[in-house]
Amino acid sequence: MKAFAALLDRLAYTPSRNDKLRLLADYFEVTPDPDRGFALAALTDGLFFRLPFRRILTDLLGPRVDPVLFDLSRDYVGDTAETIALLWPGGRAGAKPPRLSAIVEALQSAPPAEVPALLANWLDQLDATGRWALLKLMTGALRVGVSARLAKTALSEWSGVPLADIEEVWHGLRPPYGELFAWLSAKGPRPEVEGRATFRPLMLSHQIDDKELPSIEPKDFIAEWKWDGIRVQAVHQGGERRLFSRTGDDISGAFPDVVESLPEGVVLDGELLVMRDGEVAPFNALQQRLNRKTVSGALLKSHPAHIRLYDILLEGGEDLRALPLVARRARLEAWHKRNAPRRTDLSGLIDFTSVKELEILWADARETGIEGLMLKRRDSPYIAGRPKGHWYKWKRAPLVIDAVLMYAQRGSGKRSSYYSDYTFGAWRDGDAGEEELVPVGKSYFGFTDEELKELDRWVRNHTVDSFGPVRQVEPNLVFEVAFDSVHRSTRHKSGVAMRFPRINRIRWDKPAAEADRVETLAAMIVD
Amino acid sequence: MIPERFDTWLTVDRKGLFCRPGGFHIDPYGGAQRAVVTHGHSDHARPGHARVLATRETLAVMTARLGTPAEVSSQAAAYGERITIGEVAVTLIPAGHVLGSAQVLIEWKGARVVVSGDYKRSADPTCPGFELVPCHLFITEATFALPVFQHGDAGEETAKLLKSRMQFPDRAHVVGVYGLGKCQRLIVLLRDAGYDRPIYLHGALAACCALYESFGVRLGDLKPATGAKREELKGEIVLAPPSAIADRWSRRLPDPVTAFASGWMRVRARARQQGVELPLVISDHADWRELTETIAETGAEEVWVTHGREDALLHHIQMTGRKGRALALVGREDEDQ
C-alpha cells in the first residue's frame, strides 16, 4: 500500500503526461503481483466497492475526533476525505501497513457489517499518505489525472508490447490481471480472449491538406459525411453486449438503448448520436449522456441515442478486418438489411465525380450534425491506429471571432512560471449604457512558445489587478479565437459557450474597440 | 504563591509583548527601547531597536540581514545564562527552530513564564534541540495548530526528493526553501542521506549558508545556480527562495521539477495553489502533537497563544482544563519562517 499511495500522491501533483508515464512504468516494474494488478484496476476504474462510505466514516470519527477540531480542520483543508486522512490519530509505531492486494481482497469478500472495523484498523496502520490513498480507493474515484488509456499506454511503454495489442485483450481480462502481467513481462503467453466481447483498436483518419486534395478520385475513394457525435465500437460476442469509446473505455452502462437489439457475433464501427424524429440533435444533447456510469429512464426518453454505422469488423465469428473497405461495406449493408437492429442506421455514401463537386455539396449541406467529410480509400483494410494514406477527414473551416484578453492565469508544469491560460471577452451594452466586456471563453493553446513568451511579458506589464494566480489585464489585446461551434450556456455570464476554442492569431495590431460583440457570437448558435 | 495576575505585568502594546518589571519587549515591532529577540526570522528580528538581547547566533543573523542588530547596544546571551534586566531574570533556552533560536524564560517574584518563540521538537542537526522548561505561564506559538498538521519524518521526505532525482535524471529539481534554517537543514539532511554532489544555490541563499558554516555547520559543496550552464544543472538539486521556484528565475533551469520544503505542504490545496509538483513536508515548527504535548509537559496552568491558528489550540487548552488567551500581536500572519 505504501508504494501505491506514493504513486497516487506523485501522480496527483504531476501535470506532464510523459512524467506520469514514467511514474507508472516504474511502479509496474518494481511492484509484485497481485498488487500491481489491483493498482492497475483502480487506475482504470475497474474496482467498485458498494459501501455506505460517508456513514461508515462518520461513525468511525465520532469517538476519535473532537467535532470542533474536525470542523476547523475541514474548513482549512477543504476536503473531507483528506481531512480525515490527515488528522486520523494513526501511524501506530511499528505497525506493518497492509498490502494493497490484502485490502482489495478483504473489501471484496467482507460482510458489510465488518467493513468499519477493517477500515479503522487499516487507518491505524497507515501513514497520512496511505490513509489518503485508501480513502480514495474506497470511494472508487482516484482523480489523479490518469485515464484508463494513459495507464494502458504506460503498460505498453514499460513492456514494449504495442498499445493496440494490449487493448485487444484488455476487456477480456479481470483484476488482478495476472495473465496480462505475465505476458507483458515475457513470462507467459498472450492471454486467450477469443470469442469474448473485447475492444478492437480503431482505424483513425488524417486531416487532409490542400496538396492531397487533387489526388482524391471517385475510383479510389468513397465519401461520407462526418457526423458530429462520438466514435464508438459496438460489440456483441460471447453473450455480452458492449459499447466502447474510441479509446477503448467501456461506456455500455450509459448507453443500454443502442446495444440492446444487436444480435450475437458482431463488432461494428460507427458514430454515436442523439436522434429525435430522425434528426441528429446538436452535440450538446449527446453531452448530457456522456460521462455517466448509468442512465435514468427519463434521460433515455428525452435524449435517445443512436448509432450511425459505417464499418463492420467481425461478423458471426469471422474477422473481416483484412478485407478491403468496399467488401466490408457490402457485408455491413447485407447484415443490416437482415437484422435491422433498432436505433441504428447506415451512414450513407455520397456520390461524387470530383473534389470540386464535393466542395459544392458540402457548402450547401446545412443539416445539423455534419462536421465535415470523410474520404476513405476503397481498398483499405481495417488497420488499427492512424495509418497514412487511407482515411482522411476534411473538416469544415472553424468559426472565428476577435475577442479581448481580460484575465491571464498561470499554467501548470512546464508553464508554471508563465501566464498561459487566457480568458477573453466580447463587447456588449452594459446596464448604464456604456460598452462592457463579458468573458466568452478560455483557452491555453494555439500559440507558439515564442508567442507565449511575448504574451507572458505583455500580461506582466499590463496587469491592473491580481487575485492569487490570476491577473486582470488592461483590455487592450485582441485575440482571433477559432472554435468549432457555439452553444447557449447558463453557466457563463455572456450566455454563450464555445466548443474547443483556441487562439488562432494574436492581433497585436487591432484596437480592442474593434473586437466582436456578444451578439455576433450568439448569432452563430446552432441549437 | 504567584504575586499578581500575569496580565498586570505582561502586556501587549503597539510594539508587541511587553514585560513591565523588566522594561523590555519580546520580538517587538517598530523600534523598541529594549528588545529580547528569540531568533533571526524577519517577523521576529526587526530593525530599529535601541538595545537588543539575543543569542550570539541570532545577533550574527541580524547583522547579516539588517546591518546592525541594534542602534545603541547589543548583548549576547549564552543558552542557560541567567541575566538580570530590571527586576526580572531572563534566560535564553534552546528552541530547536533554527540556528540561534531561543525560548525566553522570565522569572519575577517566584513566577516563571516561558515565551516559546518559534520552536520544534523533532531532530534538527543544524541547531541545538528544544529544551523543556517547567513554568506557570507558557506563551506558545501556533503556526501549525490544527490536528491535520502532523509532520512526519524529515528523512523520508528527503528520500522522496532523492528518489525523484533518480526517476527524472534529465530534469533539475528546484526546491523552495526559506533562507534561514530550512535551507541549511535540507542540505544537511541530504548530506546525511549520502548525497555528496554539489548543491546549487539561488544567490539569495548564499549569505545565510556562509553564516551557518562560520558557526561550524558543515554544508559540503555549494555552488551558485546563477552562473551555471543549463546543461550542467540536469539531474542536480537547486535550492531557491519560495518566491523564485515558479517564477521567471526558474526558467534558466532544465525542465525543473518544482519542489517545496514546508510544513504547509501537508495540505494538498496549499501545494497545488503554488504549482508544486513535489511537496516535501519538512517543517521547522511544532506540529499539533508537539504543541499540545509541550503545553502539558510544561505544567503551565495558563497558556497564551501567539500567531497562527489560535482557535483550535485555545479550544484544546480549554478542553484540557487550562486557562487560555489569544494574543493579538501585530505583523504575525501566515508565516513559516
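Heavy-atom basis, side chains included; hydrogens, waters and symmetry copies ignored. Letters A, B, ... are given to chains in the order of the sequence lines, protein chains preceding strands, and every chain is numbered from 1.
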Practice problem: Go through the atoms of A/Asp66 and report whether side chain, backbone, both or neither lie under 4.5 Å from a heavy atom of chain B. | Solution: side chain

Practice problem: With the side chain counted from C-beta on, respond yes when B/Glu277 and A/Pro15 share a heavy-atom pair under 4.5 Å apart, and no when they do not. | Solution: yes

Quiz item: Is it the backbone or the side chain of B/Asp311 that comes under 4.5 Å from a heavy atom of chain A, or both, or neither?
Solution: both

Quiz item: Which of residues 287-300 of chain B have a heavy atom under 4.5 Å from any heavy atom of chain A?
Solution: B/Trp288, B/Arg289

Quiz prompt | Part of residues 415-424 of chain A lying next to chain B, heavy-atom separation under 4.5 Å | solution = A/Ser416, A/Ser417, A/Tyr418

Practice problem: To the nearest 0.5 angstrom, please state how far the CG atom of A/Asp127 sits from the CD atom of B/Glu156. | Solution: 7.0 Å

Quiz prompt | Atom of B/Arg266, atom of A/Leu86 and distance for their closest heavy-atom approach | solution = NH2-O, 2.9 Å

Quiz item: Do you know which of A/Asp9, A/Thr83, A/Thr14, A/Val65 has the most heavy-atom pairs with chain B at a distance under 4.5 angstrom?
Solution: A/Asp9

Self-check item: Heavy atoms from other residues, nucleotides or ligands near OH of B/Tyr195 exceed 12 (cutoff 6.0 Å)
Solution: yes

Exercise. Over all heavy atoms of both residues, which pair between A/Ser73 and B/Leu146 is shortest? Give the atoms and the distance, please.
Key: OG-CD2, 3.9 Å

Self-check item: Main-chain N/O of B/Gly275 paired with A/Arg410 side-chain donor or acceptor, under 3.5 Å
Solution: no

Exercise. Would you please test A/Val68 and B/Met319 for side-chain contact (heavy atoms from CB on, under 4.5 Å) and show each step?
Key: CA-CA 11 Å; A/Val68 174; B/Met319 295 302 279; over 6 Å; no

Practice problem: With chain B as the partner chain, list the residues of residues 447-459 of chain A whose heavy atoms fall under 4.5 Å from it, by residue number, and write 'none' if nothing qualifies. | Solution: A/Asp456

Quiz item: Do any of residues 157-166 of chain B come closer than 4.5 Å to chain A, heavy atom to heavy atom, and if so which ones, in number order?
Solution: B/Lys160, B/Ser164

Exercise. Give, as side chain, backbone, both or neither, the part of B/Arg248 having an atom under 4.5 angstrom from any heavy atom of chain A.
Key: both

Self-check item: Interchain contact, B/Val276 with chain A, by part (heavy-atom threshold 4.5 Å)
Solution: backbone

Self-check item: From B/Arg268 atom CZ to A/Asp79 atom CG, the distance as rounded to the nearest 0.5 Å
Solution: 9.5 Å

Quiz item: Among B/Thr258, B/Asp247, B/Val267, B/Ile245, which residue forms the greatest number of heavy-atom pairs with chain A at distances under 4.5 Å?
Solution: B/Asp247

Practice problem: Measure the CG-CD distance between A/Leu23 and B/Gln167 for me, rounded to the nearest 0.5 Å. | Solution: 5.0 Å

Practice problem: Mind listing the closest non-hydrogen atom pair of B/Arg270 and A/Tyr76 along with its distance? | Solution: NH1-OH, 2.7 Å

Quiz item: Below 4.5 Å, heavy atoms only, C-beta onward: do A/Trp88 and B/Gln150 meet side chain to side chain?
Solution: no

